[in-house]
Structure formats: structure tokens, C-alpha cells
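Scroll down for the structure; my scribbles are underneath it.
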Amino acid sequence: MAGKFNPDLHLDITGFGGKDIDMCMNCGTCTTICPMSEDSGGGFPRRVIRLIQTGQQSKLEETLDPWLCYYCGDCTTNCPRQANPAETMMASRRYLTARYDFTGLAKLFYKSAVAEILAIILVGLFVTGLFVAFHGPMVLNKVELNTFAPVHAVELGDWIMAAVLSFFLLAGAARMTWWTLGRKKMFRISPLIFIQQIPVFFVHLFTQKRWKKCGSHHSGIRWMKHLLLVSGYLSMLTLVLILLRWFQTDKIYPFYYPQRLWGYYATIALLYPTVDFMISRWRRKEPIHLFSEASDWIFLVMLFLTALTGIMVNIFRVGGLPMATYLIYVIHLSIAVPMLVVEVPFSKWSHIMYRPLSIYLYGVKQAATRANRAADEPASEKVAA
Amino acid sequence: MLSENKFNPKILVLATEACAYPGADAVGKAHLEYGANVYVFRVPSPVVFPEDFYLRCYAKGIDGIMIAACGSDCPYRGAYDRLAARIDRLTTRMKTRGLEIQRIRLTAICTVCIKAYLKEIGQLDEQLRALGPVNKSVAAQLQQTARLEMREALQVHAT
Amino acid sequence: MIATADNERHKDAVIIGGGIAGLQSALDLADQGYKVAVVERQASIGGRMISLSKVYPTLDCASCITTPKMSAAAHHENIELLTYTEVDSITPGPNGHTVVVTRKATHVNADKCIGCRLCEYACDTEYPDDFEQGLGSVRAISVAFTNAIPQKAVLDADYCLACGLCLRACPTDAIEFDQQPRQETIHADVVIVASGFQLNALTIKPQYSAAQNQNVISPLTLERLLAPHGPYGRVLRPSDGKIPESIAFVQCAGSRDQSIGVPYCSRVCCMYAIKQAMLLSGSLPTADITIYYMDIRAFGKGYEQFYQNAKAMGINFVRGKVSKIDSVDKDDLLVHVEYTEEPQDCVRKQRHDMVVLAQGMIPQWNPTSFSPVQIGSDGFVATPDSVSPCTTNVPGIFVAGAAAGPKDIVDSIAEAGAAAMEAGRYLSKRAHLDHTARTVALELIA
Amino acid sequence: MDNKDENVVRDAAMPTTPRVGVYICRCGGNISDVVDTEHVAEICRLIPGVAVSKVHTFMCSDPGQQTISDDIKQEKLDRVVVASCSPFLHELTFRGAVVRSKMNPYLYEQVNIREQCSWAHKHDPRGATAKAIQLISAAVGKVSRATPLAKIRLPNHRRALVVGGGPAGMKVAADLAACGISVVLVEQSDRLGGKLHTLNRLFPTGQAAIQLAAKMESQVLADPKIEILLNSKVTKVSGFIGNFEVGIHGNFGPSGKTTEIHTTVGVIVMATGFKPYVPREGEFNYKKHPTVLTTVDFNSLLATQNTEGRTLHYEGRSIGSIAFIHCVGSRQVDGVHTPGPDGRLNTYCSRVCCTTVLNQALQVRQRFPETRVYDLHQDIRTYGRGHEEYYTDASRAGVVFFRYHGDEPPTVTNANGPTSPLRINVKDYLSWGEELELEVDMVVLAVGMTAGPCETLVDQLKLPRGEDDFLQEIHPKLRPVEISVNGVLLAGTSQAPMNIQETLAAAGAAAVKARAMFTTEEVELNPYVAQVDTHLCEGSGVCLTQCEYDGALAMVETQENGHSVRKAQVNPGLCVGCGACVAVCPTQAINVSGWRIDQYDAMVDGLVRDVEPAMV
């Protein structure tokens, strides 16, 4: 099998934030220092670096390796050539996200912060415009949010947005599946295996438990924070997508009522990690936060602002400030919506899908290999006999 | 010990200082082994030995001689050709009186010819074990005639 | 300090360091008729080389190559050896360099000592022997090692209990407890720095567990284990004296690694690892020997053939840098490495009885604080002139051997000869100038 | 035993009662682990003539040598035998030791019981012990018949011949001239500088090679002690240390015509350099495709390419990508590579090519940023100070590396037509042995160094070459710049591949040895030359017919008892001691001093003697 050489690939990855890929001399330190690599079939992260160095684009697209890395940074710390393998893995994830996305928007947003900010502003203005044009009557003597923004209308918007975003995200997931399972070869895998492995996807979607294996002690803490964040936005997703009618009420329930408690929990679970991550990125405390691309900052800032404005809506509502509530509500949605529209399918947030999916696909591949081997064995025994 | 009563030929190696002696050293340096019945003498060039020297060695009980020369790498001009011619005459002489010509062996061993050295030594040792001990008296007689012929040649040369 | 005739001397050249490079420079200068002083901080000349077992690519015993040179230097009429002596300062001046040295107290009168070692046998205070890399022990008073030059006893005051046993044992009353270090001054036209190298710490990469496991050893320790007159007389692993069945050589364990601040190649490690592997497979024929490397740098004359021979002997060469070594079952070691050249399942954890870390070479000596000699970014003496690789920034001060960067014995010896030539040229130019000056002076008088 | 033959054994050399001291070295276990040295010492006392027999752990050490000195004085020894390592290592050491005790150094004999005994018979300790005894017995026989010899002293011409005007030659010439020694520098081309003219920027300093050449040249030209002969060759050389007669052929001198001059020099320095390996036609597509170059070609391309641009240009075309292939003509593998016309495989590493390639690759990347560079190597051998930086910098500059195995070298083919891009197929071991394919516009072959041309001198002086065809030094550590012919020294790449710094260091080391040879008024030579016993010589002249060395042997008329007789006479400066004359002398009147036939006979007697009566 002869691989062809695409000499521009490493430049491409560098465009996605890859650092010092050329410095790697393929000594293998990163591969063996990595606590995940053995579980991932070895050769990781060097395999990714080498594929980039040798310009094997299609093989890079076929690999799941970048998604199996959780960036503990041990490889970068130990690298004798300061080739920064961890950041290369990060950049590969961005690159792959862009490749999975058929629209080309992901690539645009990753490569140009201006484009991403512009897109966010545009969508934000659009949302604001919607409110300006179609908002309900503003009751000013008390807070009546559901009059200003009728819950069924917002819910409808939520659903439309969810459908559109899911479409893009699933399209990316489909491309990822198609490439990583070897394109047409994937039809040779028994459908039973695909079904059997489904629990893996959900376990990893909700727990990210693979992360725990990654790196030294601070990875454990990072995983906890990340888990908190995941629970936060899954909570919020549930609250605004499924339970919005219950969540967005004008009646102020006592503090201990579940919709309020859950909402507060979700807010804290969103605010604490985002603030912590921003500080860490600012101070470059951990290996993972040594290098920050614009897309990283935009994501964190938007998430933070969404959570902040969300809780402010609640504060103003409970505080009985109608005008402030309506205003901050509009601002809240003008931030949350563009964030979701831009981040979920086309940028960093897409990893909420790709990470568990990669583990699922990895599981499928492993199971398929096992099945093949089991099928081959009797045959080889026959030959031997 | 019984095994010691078995015939153990005494082998003399005449090794040139420039090539074969360091070659024999190289065998030891590589920690490769051969029989302890092999004795190496260092010589500037084996061309120095008259025919009767070899015969005298046999007469004294040396069972086989290997001349380890430099071959074409010989640092002395013309020495190797002269040596080869002399060994030719010697073997002819040995043949006439039934002294086995396998007892003399002319080789070229370089400073790094470890394998060649071991091979030559091994073959000579094997042949000598098959032949058994040297016939000392035959050798002694041959040596006497060789010397006499040399003197006679001088008379011819003088006249 | 007032100079007296006793502690001042004039030499053509002072050589700093009595290792193989220093000795070669000294011999080459002395053979040209120059008067030379060799300053050596240890009790014996011979440097690193005398403690090695055998040397590549010829596999001669190191001692057999070093002792003739040591002996020749010791017997040379133009060479004076100042052992157990430290250099305090080097000051260049219009009339040559002033080198101030401290002769450390040996507490033994060198003129009286006959090297019979009776004091050593009598002494009952022992401490770990540096020469044996701490594997053996040495008495508080002893001759440095078997083939040391000079064969004179040295008493180590740090360990001596002043019990007086040696005093009674000495047949020549040579022991002087009250001996004091003394400073001496050497005026010399040239100085050759041949101060050699040391290895960086075995524990420089904590990932290699050298601090936790005794069986992670230095290559110099293995040299002593392999030496026929070494501490055990055979190769045993340090923790429990077991005969190792599986030995790993971890290359670039202290070099070519920016994460520990040594980006350069130490140049000798590949070859000595191959040599040690060959010697090990000779003394332990059934042992598995693996060399983990990144690039095998067998660059010298006959080196490549040496490497190929080792491969043919069955020594395993695995391309991959070891990232981590863990202890397992107390004494054994688990080496984490990627077999980078193998197509599948390349990340492995290999178990070994003993691991040798190819520590990096770093300079032995930093001359900047007491001399104007400059060093390069790697810490070795800087050689600004590419045409003569032995010249330093100071006229009349030259450098030889590993003091100017990692170097093997062959290259050190060649460079030591070159340094002697540069020094010789400098000296003959000075002699010429002196002569001219004298002639001019005479003419003026006339 | 038939040793009564009066023709064979002359007792003249035998002292009335020799007192031989035998010293057996344990070599720290190297010997004593196999040979029972204590037993050997005990048995050797029984050998006739042996007065003292002792064992020491390191005979070569100071105390070991001291033991010999003490015994010579106290035991009144007149002969010494040391049984230790190969005489190549320590014969001189022990000669020195006996000299210090006022004994003639040639009454010393060394027995090799390490390389040729303990190491070679490790699994036969009894055999090795017995062999050691017989060998010592033989040596005692030889040394008992030894006569005191003296070194031959000959006039020393304070003049050096330096062959080769490259950097090594210029350095040696400059060094020697600076020390007041006159030098003849012979260069076959029309200018000094040698291979420096083919180089571009030198690593690790980045200095321009021609600058260095010019600097060194001006130094050499300015020194009146150096006579420079360009366009000339050494055609004839004879003589010996201190007195080499050299014929130099060339078109120098005012007339510009081809002339030959003769001169006498004391020392010859071989600075004959190297030849770059020339790939065979078709090797990596060399000579079959216009853009397959060698590193040598590429150096001149870099040197002449003045314009900085986005890509490199060669013969009118833009070169978008270059692949460098390492180890071309080096590290060759038997059965994989085709031997050269002389049937030789270059199995050695040429030492300089890795850094050369990286130096060139880096220059390309820096000067022509859009020309891509690929590097196909086996191992990157940037061993020297400042060399690893080239590797790191080349990586940083975006050079992409591939690693192949010596037995699976990459292939280079034309992608399409004869002037199309080149296609390289490589089994890349940085990619787990995967077959990769690259298309490039140019391939640069990193050619190694092969032994330089110096046939005349090699043939006439009989200089030994190593397995790699380079001139072979005596010992890389003990005598690194000397060759087995006395008075001939090696400088630079005539000896082995070296970079410029190493070449200059080696040249310095050669110069220092040459200078040391001129510190004495006379040259001292070993006394191993033919010697005529005038009592036995009958003037047959047979010996003369055997001698190959002009002037070494002659028949002279002398007066004996009033008669004029012809006797053979030896010129010790020219006699090489080969012994061709010895074998043919009917009266055994001629012998090589120190290696006499009667001594060999005594050795054979010693070898067959039953020294160990109780054991048999």
C-alpha cells in the first residue's frame, strides 16, 4: 500500500493552532508517556503527528485518535524536542471538526476569529430583531415574562433551532462515522455490533468517564470540573428544550421548588467551570491552557455570558423588575442562540457529540475486529491441520 | 587423564608482524576460540626461513606448520613471491621422501582476517589429527640433504 | 602571599587535567622539549579512562592503553605531575600566565611513601569508593587504585578517625597528620585546559526511577562491573547481587532532551553502550540485552562495523526513546517504550533486571570564575576560531579533549595532539619574540 | 632432540650462564582467570637459565615495572621475559623499564599469553596454562641467545614533505614552518585549498569555505620556510625516516615546463585527502535524470545561486521540492548494494554527510522558503558540538524526515518522462514501515567519502590500508597519526572521513609528531636489520640476488690475512630487515638482528621441551 504525500497538510493543521509539528523526531516519548495510548491501540499521539508530517490526509480523517485524547499535557511536558504533541492533538480535533462539517463554516470560524464573532453578532442581531418585531405586550407593573415572550413561541423557536443544529451535527457525525469506519468497509460490520455498542455512547456522553484515565492528578480534577459543566449544560438543555413550560413561569415558586433548584444548580455548574477555565487560560496554569486560540476564548466567554445573563433574568424576575427582566431576557437569548448556532455544529461545542461518538465507533471497530478474528480462526486452524 | 593420551598435534604458526600476528590477536580480542595446541611465533617476514628450518622443526617434533603471511599486503618487496617459491620447493622435497605435505600450509592472513585464521587453523588441525605424529627421523634425514644441497649450490654458484 | 622559591616555579606549559587528553598534550609538548606541569585534582592521573573496562572500537583493555601513557608521562624528564591539586586562578599577563594552585593535604609525605600499602591494610575505617562508583569501599588511607600513578597513599581527613593504626603500620614514617594544604604559583607561557567531563545526574529524569531503584545504574558503574579487576569481579546487579538475565540500555537518558536542558548529543553513549552490550554478552552469554535508542551514532573509523557486529551477536536494538521506568516487584524494572519501527502494538512495557542510563556529558569544570576563559552556551569551553579548534578566547590558553565538548577517546587524543601543536606554535613564536627583544636590547647596549 | 648439528646452532651468542627473569602478568584477571599464572611461574623456574619467575596483577603498572627493575639489580638478571598481553601493546613499555635499570632493551622478550592464549582458549584452562609455559620456554630460549643491540643512528634532514595542499596539508605545513622546520608542500592541482573549494558554508560555524581556504593559503604563501609545488606529483620515494629521497614531477619553476626535482626530507606527511563517492550510473537514477545530484554538486549549486527567491532554480526550472538521500556510498550492505569497480563495498559511515545534508537542507529552507525539503536517512548522526542544532533547526524549518533501513534503500524513478518529476518510494520506519511515495523535483544524494588517491606513495612506501581502503594508523589511541612505515605520518582524511575541524585537529596532531621527530639531531631506528657475520661469509653473493632494496646490500672487497676477499655488507638505513637474504645463505653468515635463525631454533626447542616433568 503506497501512501501519497500531501506536503501542505501540516501547514493546514498549523492553521488550526498546531504547534511545532515539524519539531517531532518521532522518538515515541509521547506515545509511551500517554496513559490513554495503550488503550487506544498504541502509537498515539505520534501516529497523528506522523500522519500530519507525511501529509496523509485521508488517513488522518480516518483516525479516531484525536478524540481519544483528553489533553493531560504529559506528552508536551516530557517531549525532548518541545514538539507539543498535545497541542497538535487539539489542533487535529479542530481540523477534524472542520472536515466533518460539510458547510465549510467550521473551517471559516476556526481559522478566522473575526468571522466567528461576526457570525455571532449577526445571529444575535437577528434574535434581537425577532424580539423587537414580534415581542408580546410588556407588562410593567409586575414581571410577566410569558406575556412578553410567550413560552409556546419560545419553545417553538427552541425546537426549530434544535432541529437545525441537530441536522448539522448529525451530518458531521455521519461523515465521521463514514470515514472512520473505513467508508464502504463499514457495511461489512454486523448491524448487531452497532446496536450492542449504543450504551457506550450514552455512558460517555453523560459521564466522559474515559477522561479519568488520562494523565496525572490534575486530570482528575479537570474531569470533575468538566463533568460539572456537562451536567450544567445538559440540565439547561433539558430545562429549556423539554421542560421550558415548567421552567419559564411567571409564578415565583419558593426557593426549594425543583425547577428553581435545578436551574440554580445548572447555573453554578456552568459558571464555576467557565470562570475557572478562563482564569487558567489567562494564567496558563495547566498544560492544556498553555495555548489558547480565539475559538477557545469565544466559546468560554459566550458560555459564561449565557449563564450570567440567564441568572440575571432570574434575579430581576424574582426582584420584581419587569423592564430589566425583559431586556436581559432579550440579551440572554441574543447571546445564547448565536452561541448555540455557531458553537454546537461548527465549533468547539461539537465535541459533545464527537467525543462519545468516537468512543462508540472505537468500540464498534474493536468489536468488529474481534468478530473477524473469531471468524478467521477456525479457517486458519484448518489450514494448519 | 585418558583423553590426554589422544594425539594432540603441536602446530606452529609463523605469523607476520604486520598482518597475521595482529590478525591472531584479533581472534583473541573477539574472544573466539581455537585449540591451545597452536603456537604463534612473530616474524618480520617468513621469507627469512631456509627450507631446512621447516624440516628441522618437524625433526624436533612440530607436527604441522602454518605460515601466516601478509600475502599481497606484504610490506616487504618481493618477499611473498620468494616465500611461495620456497614453499613449493619444500613440498616437492617432502613428497620425495614421504613426509606428508599437509603438514605445511601457506596462508595469507590480514589484521582483521579472524574467520580465515580460524578456518585455516581448524583445517590444519583436522588434517594433522588424521595423519598422526610426524616421522621425526625422516624429517631429520631430509633436513641434512637440504643443507648439503645448499652447500653444493654454492659451489656451482662460485664456479 | 609572598612568593618564595619553594612555592613558585616556571614552566613552559601548564596542563589542567591529567586525563587522557591532558596526558597526550603533556607528552607531545614534552617530546618537543618543553617543560610541562600537569595539574590533576585526583590522587592519580589517568582520568576517566583508567576506570573503564575496555574501549571501543578495538576492545583493548582501557588500562592497557592508559597505563603506558601514564607511565610515560610519569617518567618523562620534562613533565612534572602535580596530583591532588586544585587550580585556584589563572591570570594572563604580559610575561605569560600565572597559575595559582592548591596542593591539597594528603597527610602523607610523598618523598617518604613507598606505596607499600601497609597503612591501607592497617586502617579499619571504610567509606564508599568513588573509583568503584561506590560499589566497593576504600580505607580512609589508601593508594587511589591498583595501577594509580603515583603509587602514593592519600589520607582522607573527612573519614579518618585519627586512631593512629596507619601511623604504626607505616615502615617509613611517612604519615603526617598535621600536613596543611599549600598554595603554589606556576608561571607558564601556555595553559592547556583538559579538564574533561562529568555525567549529569542519574536522577535528572525522575521518570526513570533512579532514585528509587538501585538497579537503574550509571554506565560508569557498569564499566566497573565489567572490569576484570572491578568490585565484584563479575556482573551482579546492585540491589540483591543477582546475576542479571535481562539488561536494558536506555540511550539519550541525559542528552538530546530539551525537557532537561541538554539539547546536544553526548557523542559517546551509542558506542559505549554497544561495547558494554558486547562485553556483557561475553560474560553473561544467556542474558537478553536490549539497547533502546533514537539514532545509533556509530560515526568513527571502524565504528559502523562494530555496530553491525553487535547486531550480528544478537543484541537487540530497539528504536524508541524510553519515556518512563517503573519499579516492579521491588527490584525489577519496567521500561515504557514505543517500538517505533514496528507496525503494530508498538507501545510496550518491557521488564528488565537492570537498566543502564546513558547519562549526558556535561563539563567537569567551569573556568569562568577564576580565569578569563569563556564558555559556550552548552557550558563547555568556547572555541571561537574554527580553524584551530583548540584555541580559546585567551591567547596562550588552549583547550583539549572533552573540556571543549563531548568527545570520545580517539577524538580526544587527536585533539590533544592538535592543542599541543597550537601551544608549541605559540611557544616558538614567543621564544622568537623574546630572542628578537634580547637582540634589540643587546644592539641598544652596543 | 637433534640440536647438536654444528651447522645449525652456534653457541657464540649464548652467555655462559644467562640469568633470565620471567614475569607473568595476571592482567587483572584477563589472563589469570584462564591461565593458572601461579602454576606457570612455579614451573618456569625449572626452565634452564631462569633465575626469577614471578606473577603480578598488572605488569605494565608502575609497581610491576618496579619489580623488574629491582630484580635486575638484586638478582643480577641479564635477560627479561614478560608474559602478558600482545607485544604490540607493551613491548615498548617493558623495554623502557629494563632500560631504566641499565639493561640493554633488546635483551627483553615479550610473550603473548592474553590475546593468543587466555582470551583464545577461555574454555581450556589446562591447555592454556600448558601453552603459556611452552611459549615462555620458547621465549627464554630466544632471549638467552639475544645479543645487546643498539638503535641505529642516522642523520636527520630537518625538512618535511607534505603531500596534498588541502586544509590538512596547509595546516601541517603552516604548523611546522612556524616552528622553524622547512616544508615542501606538493599539490597536484593548480591551487591550494583542496576540497575546501567544493564546499560552501562550513558547519558548525557557517563560515564560507573559500574564505577559510584563502586565509590558510595566504598564511602558507607568506611563510618563506614553505616551498609550494603546484601541478606536481610525487613520483618516486625511497629511503627511510630522516632520509627520504623524493622525486617530484610537475610543471613548476620559471620555465613552466614539466620538470622533475629531487629532494631529501626527514618526514613525509600524507595529507592526500579523500575522494567523494561517485554514484554508479543509475544508482538512485543518477546520470539518468538531470536533477539527480550529489551533495558535492549541490554545494556548488548553492554557492552559485546568488539570487534569493521563493524557490531554488536549477537549469532554468523552478525546484519546488528536494529530497536528500543519506548514506549513498556509505554503510553499504552486502547483498543489497553493488560493489564498486574495485569490488569494494563501503560498509563504513562517512561521518560528515548527515550534518552536511542538514546544513544544505537548512540553507535551502532559509534561502528559498517555498522549496520543500525531505530527508531520507537511516540514522541522523549529528554527533559533534553544534551539530545537533542543525538537526533541530532543520526540523523547525520544516524539513520532513523519513527513515529507511540499510537493506531496504529507497528507490528513485522518473514519475513520467525523462525530465518529469522524480518519484521516490521509501519504506518509512518513522511510519511503521509503511511504503510511502513522494514526488520531487530534485534528488540530492549524500555521497560519502572514499579513500583518496595516493597510489605512488602507497606502492613505493608499502603503506598499509585498512578494510575501508583509507590509510591505516598503527593504533587509533596509542599512535593515531603514525603508520607502520617509520617517518610517515597521516593528516586528515587520508586516514578516515572527517569534517573540517576534525581534519585540522588531526593535522595538528600529525604536525606535533613530525616536530617531535626533529627535536633530535639524529634519527634513531630499530636495529632489526641484516647483519653479516664476516667470519662465516664466503662471499658467494647469493644474498645479493635476493635483495629488493637498492643499496641495502652490497659486496665489498676487504683485506683478510693479506688476501683481498669479497664480503657482503649491509646499509642499515635502507635495509628493511625482511630477511630474504637470510634464507639463501649457504653458510648462514647473514641474519636479521634480533630475529636470528638460531634464535628461532632455540624457540622451537623451547616449544617442544618437556618443562613440566611431574605433570607428564
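Comparing D/D62, D/L504, D/T382 by how many heavy-atom pairs each has under 4.5 Å with chain C, the most go to D/T382. Chosen from C/Q151, C/K407, C/Q305, C/R319, the residue pairing most often with chain D at heavy-atom distances under 4.5 Å is C/R319. Highest contact tally toward chain C, considering only D/P63, D/P480, D/G384, is held by D/P63 [criterion: heavy-atom pairs under 4.5 Å]. Chain D forms the most heavy-atom pairs under 4.5 Å with one residue out of C/A416, C/A74, C/A298, C/S412, and that residue is C/A298. When each of C/G302, C/A404, C/P57 is scored by its heavy-atom pairs under 4.5 Å with chain D, the top score falls to C/A404. No other option in D/A510, D/S86, D/G386, D/A509 has as many heavy-atom pairs under 4.5 Å with chain C as D/A509. Per-residue heavy-atom pair counts under 4.5 Å with chain D were compared for C/I413, C/I296, C/V410, C/V55, and the maximum is reached by C/I296. Residue with the most contacts toward chain D among C/L427, C/I149, C/D378, C/T383: C/D378 (heavy-atom pairs, distance under 4.5 Å). Your options are D/K171, D/H475, D/E502, D/H387, and the one with the most heavy-atom pairs under 4.5 Å with chain C is D/H475. Note on C/G417, C/G424, C/A414, C/G33: by heavy-atom pairs under 4.5 Å with chain D, the leading option is C/G417. Heavy-atom pairs under 4.5 Å with chain C were tallied for D/S61, D/G433, D/C179; the largest tally goes to D/C179. Contact count versus chain C (heavy atoms, under 4.5 Å) is highest, among D/H405, D/E115, D/Q66, D/E389, for D/H405.
In this structure, the portion of C/Y307 lying under 4.5 Å from any heavy atom of chain D is its side chain and not its backbone. Looking at C/Y426, there are no atoms closer than 4.5 Å to chain D (heavy atoms on both sides), in backbone or side chain. Residue D/T205 touches chain C through its side chain alone, counting heavy-atom pairs closer than 4.5 Å. Of the atoms belonging to C/M294, it is backbone heavy atoms, and not side-chain ones, that fall under 4.5 Å from chain D. Heavy-atom distances place the backbone of C/P263, and not its side chain, under 4.5 Å from chain D. Looking at C/V268, there are no atoms closer than 4.5 Å to chain D (heavy atoms on both sides), in backbone or side chain. The contact between C/M49 and chain D is made entirely by side chain atoms (from C-beta outward), counting heavy-atom distances below 4.5 Å. Proximity to chain D is limited to the side chain of C/D385, based on heavy atoms less than 4.5 angstrom apart. In this structure, chain D has a heavy atom under 4.5 Å from the side chain of C/K69, while its backbone stays farther away.
Partners of D/D375 by salt bridge (Lys or Arg N to Asp or Glu O under 4.0 Å), not counting sequence neighbours: none found. For the salt bridge (Lys or Arg N to Asp or Glu O under 4.0 Å) test, residues two or more places apart in sequence or in another chain that qualify with D/R479 are D/E482.
Two residues are said to be in side-chain contact when any heavy atoms from C-beta on lie closer than 4.5 Å; D/W119 and D/R114 meet this criterion.
Using cut-offs of 30° and 60° for the angle between ring planes, the C/F299 and D/Y383 rings count as parallel.
Within 6.0 Å of CG in D/D407 there are more than 12 heavy atoms belonging to other residues, nucleotides or ligands.
For C/S266 and C/R256, the side-chain atoms include no donor-acceptor pair closer than 3.5 Å.
For an aromatic pair to be called close, the ring centres must be under 6.0 Å apart, and C/Y56 with C/Y272 fails this.
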